[in-house]
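What follows is a short report on a single structure.
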Amino acid sequence: MKKWLLRWLYGAKIGRRVEIGWFSAVSGKHIELGDHAAIRPLTLIHVLGDVRLGPYTEVSSFSLVYGSASLRAGRGCYIGPQSLINVDEDVEIGDESALGPRSMIFTHASFFPYTEGYWVRRAGVHLGRRVWCAAGVFIHPGVEIGDHSFVNSRSVVSTSIPEGSVVEGNPARVTYPLERTLRKPTPGYVDQALRRVLSDFVEVGLHREMGLPLQAIEQGKDELRFRWRGIPYRVVLISAAGEPAPLALAEGGEKRIYLVNRPGWVPPDEGMSFDLSTMRTKYLSDRVHTALRLFMLRYYGMRFTEEE
């Protein structure tokens, strides 16, 4: 109903599988919500300019975006819960960038009278591509943060940041290049990382969130077996190292989910899969597949887009 009203009232362009949560509202001069964009419950976006959210971008719950200019966020962005963004001047967020919970962006600063000599500043804010601002970051008017940068929790950013930086503090300062912290993952490293993901999925995704008893989950080196609502499931890692063991066709109604770290590997059946070489999967209604996809996104930053 909300999407229909946005199209009717604002001529909004709304992509496939867009979600607008309960008690959320969006208004703006022009509204564009890309495929799989999400505005979570109890969020208000009210601007006089444009609202443009790219595909797979999410504005989380209890967030407030307001002002007389525009908010433009690229593909795969994230705005965490209870964030506040003032857009009296334009705010632009590049592809795959994120604001952690309770972050704030302001594009103007004044309270005491300008005519009494107090300072006033009005200027937009620009976050480049793949910028991660952790929880509680405060960004002042006129700040630009370069691509591939990380801003640590509770930082107060009052001056622009060059690309490829790690910054922290109040006022925030560059501490070292981001490149220093990055690993150069080999296929074997990715295999080990995926084994850890599966192990943690057992504890967090299957046990805590879905309520499966730990003793009901059979764990092997590269696979998990369990039942969900009477249906047998098997989650299998197809590793890059060595040849995968031969897999017989699923029997007895078994559902399979493959984590594929081997480019070009094709499931031998109609099983569901996550392709690490393309970071794509089918968006399905299957509860376990969805739980694993969201778990990898929330806890490990692994964003799988939908297969065409």
Side-chain angles (χ1 to χ4, degrees), residues 17 19 21 36 38 40-41 56 58 60-61 78 80-81 100-101 135 183 185-263 265-307:
R17 298 192 183 184
E19 298 180 28
H36 297 279
R40 298 304 180 195
Y56 301 95
E58 175 181 344
S60 200
S61 297
Y78 176 74
R183 303 179 180 93
T186 63
Y189 170 86
V190 176
D191 285 343
Q192 291 302 320
L194 292 174
R195 291 183 180 109
R196 176 181 173 182
V197 168
L198 286 182
S199 177
D200 289 351
F201 179 62
V202 169
E203 171 65 29
V204 178
L206 296 177
H207 177 53
R208 291 187 205 165
E209 297 181 353
M210 296 176 64
L212 287 177
L214 290 176
Q215 60 269 26
I217 305 168
E218 182 181 340
Q219 300 184 57
K221 179 183 177 183
D222 288 338
E223 70 175 31
L224 309 174
R225 293 185 186 220
F226 54 89
R227 284 182 174 269
W228 170 251
R229 294 182 175 175
I231 299 174
Y233 277 86
R234 186 176 177 185
V235 182
V236 182
L237 167 61
I238 305 300
S239 64
E243 288 298 320
L247 289 168
L249 295 177
E251 297 180 352
E254 180 185 71
K255 290 189 175 184
R256 289 185 183 173
I257 303 174
Y258 299 99
L259 272 178
V260 183
N261 191 32
R262 181 180 291 268
W265 188 88
V266 178
D269 48 32
E270 297 299 320
M272 301 165 277
S273 65
F274 294 90
D275 190 333
L276 272 293
S277 63
T278 62
M279 297 304 292
R280 289 187 176 275
T281 188
K282 290 182 179 178
Y283 276 45
L284 305 167
S285 59
D286 183 89
R287 176 68 174 87
V288 177
H289 178 274
T290 299
L292 179 56
R293 177 174 62 82
L294 294 177
F295 172 81
M296 290 189 287
L297 173 64
R298 289 172 57 199
Y299 293 98
Y300 286 96
M302 297 165 62
R303 184 180 299 275
F304 289 88
T305 56
E306 187 174 29
E307 293 178 349

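When reading the values below, keep in mind they use all heavy atoms of this one structure, side chains included, and skip hydrogens, waters and symmetry mates. Quick caveat, the model's predicted, so the values are computed rather than measured.
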> Looking at CE of Met272 and CG of Asp286, how far apart are the two atoms once the value is rounded to the nearest 0.5 Å?
Replying inline: 4.0 Å
>> Between Lys255 and Val288, is there a side-chain heavy-atom distance shorter than 4.5 Å?
In response: no
> If you measure from CZ on Arg195 to CG on Asp200, what distance do you get to the nearest 0.5 Å?
Replying inline: 14.5 Å
>> Quick check: do Phe226 and Val235 have side-chain heavy atoms less than 4.5 Å from each other?
In response: yes
> Quick one: CG on Leu206 to OH on Tyr233, what's the gap to the nearest 0.5 Å?
Replying inline: 10.5 Å
> Arg287 versus Arg229: any side-chain heavy-atom pair under 4.5 Å?
Replying inline: no
> Which heavy atom in Arg196 sits nearest to a heavy atom in Tyr300, and how many Å separate them?
Replying inline: NE-OH, 3.4 Å
> Rounded to the nearest 0.5 Å, how far does CZ of Phe201 lie from CG of Leu259?
Replying inline: 9.5 Å
>> Restricting to non-hydrogen atoms, name the atom on Pro81 and the atom on Ser60 that form the minimum distance, rounded to 0.1 Å.
In response: N-CB, 3.4 Å
> Can you name the nearest heavy-atom pair linking Ser285 to Thr290, along with the distance?
Replying inline: C-OG1, 4.4 Å
>> Show the nearest heavy-atom pair for residues Ser61 and Arg40, with the distance to one decimal.
In response: OG-CB, 3.3 Å
> Would you say the side-chain atoms of Asp191 pair up with the backbone N or O of Ala240, donor to acceptor, closer than 3.5 Å?
Replying inline: yes
> Does a side-chain heavy-atom distance below 4.5 Å link Leu297 with Arg293?
Replying inline: no
>> Does this structure show an ion pair linking Glu209 with Arg298, if we count only N-O contacts that are shorter than 4.0 Å?
In response: yes
> Which pair of non-hydrogen atoms, one from Phe295 and one from Val197, has the smallest distance, and what is that distance?
Replying inline: CE2-O, 3.6 Å
>> Using modelled atom types and a 3.5 Å cut-off, is there a donor and acceptor pairing between side-chain atoms of Asn261 and backbone atoms of Pro187?
In response: yes
> Does His36 have any ring-ring contact (aromatic ring centres under 6.0 Å, His included) partners at least two apart in sequence or in another chain, and if so, which?
Replying inline: Tyr56, Tyr283
>> I need the Glu19 CD to Glu58 CD distance, nearest 0.5 Å.
In response: 8.5 Å
> For Phe304 and Asp275, which heavy atoms make the closest approach, and how far apart are they?
Replying inline: CE2-O, 3.8 Å
> When rounded to the nearest 0.5 angstrom, what is the spacing between CG in Leu276 and CE in Met302?
Replying inline: 5.0 Å
> Are any side-chain N or O atoms of His207 and backbone N or O atoms of Leu212, one a donor and one an acceptor, separated by less than 3.5 Å?
Replying inline: yes
